[in-house]
Amino acid sequence: MKLLREVLLANLIKHGITEACGKPVEEASLDELQDEWHRYEMQRNPKQTP
């Protein structure tokens with residue numbers, strides 16, 4: 001789990017995201033980092049309706 005957290009942390013920072021759920025990403029839990037990554041993905045690839 002630690003590796004997953006570190007990968008998420010690196011990806012968020014690489015994409016300019018410095019906060020997750022109102023906290024600095026370095027202090028965020030794995031769940032908070034996953035939530036923030038999901039929000040980023042949803043903004044980047046919004047679902048298109050027909």
Side-chain angles (χ1 to χ4, degrees):
M1 288 297 197
K2 184 173 172 82
L3 178 61
L4 177 59
R5 185 182 183 287
E6 294 301 318
V7 170
L8 277 170
L9 184 61
N11 283 337
L12 288 167
I13 291 171
K14 182 172 87 174
H15 292 285
I17 299 168
T18 58
E19 289 190 352
C21 298
K23 299 179 188 175
V25 290
E26 295 85 358
E27 296 175 9
S29 69
L30 177 59
D31 287 339
E32 291 167 333
L33 293 174
Q34 289 175 320
D35 289 346
E36 196 61 40
W37 184 254
H38 180 71
R39 278 192 284 279
Y40 169 76
E41 285 291 312
M42 294 302 291
Q43 286 179 339
R44 192 170 137 232
N45 299 315
K47 293 180 182 178
Q48 297 183 3
T49 56

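What you see is a predicted model, and the numbers here were worked out from it, not measured in a lab. Positions are given from 1 along the sequence. Basis for what follows: all heavy atoms, side chains included, without hydrogens, waters or symmetry-related copies.
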**Student:** Does anything in residues 2-11 form a side chain to side chain donor-acceptor pair (under 3.5 Å)? List the pairs, not counting sequence neighbours.
**Tutor:** none
**Student:** Report whether Leu30 and Trp37 are members of the same hydrophobic cluster (ILVMFWY, side-chain heavy atoms less than 4.5 Å apart, transitive linking).
**Tutor:**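 Per the 4.5 Å side-chain linkage, Leu30 and Trp37 are co-clustered.
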**Student:** Hey, any chance Leu9 and Leu4 share a hydrophobic cluster, counting ILVMFWY side chains that come within less than 4.5 Å of each other, even indirectly?
**Tutor:** yes
**Student:** Table please: side-chain donor-acceptor pairs of residues 13-25 below 3.5 Å, with sequence neighbours left out.
**Tutor:**
residue	atom	partner	partner atom	Å
His15	ND1	Tyr40	OH	3.0
Lys23	NZ	Glu32	OE1	3.3
Lys23	NZ	Glu32	OE2	3.1

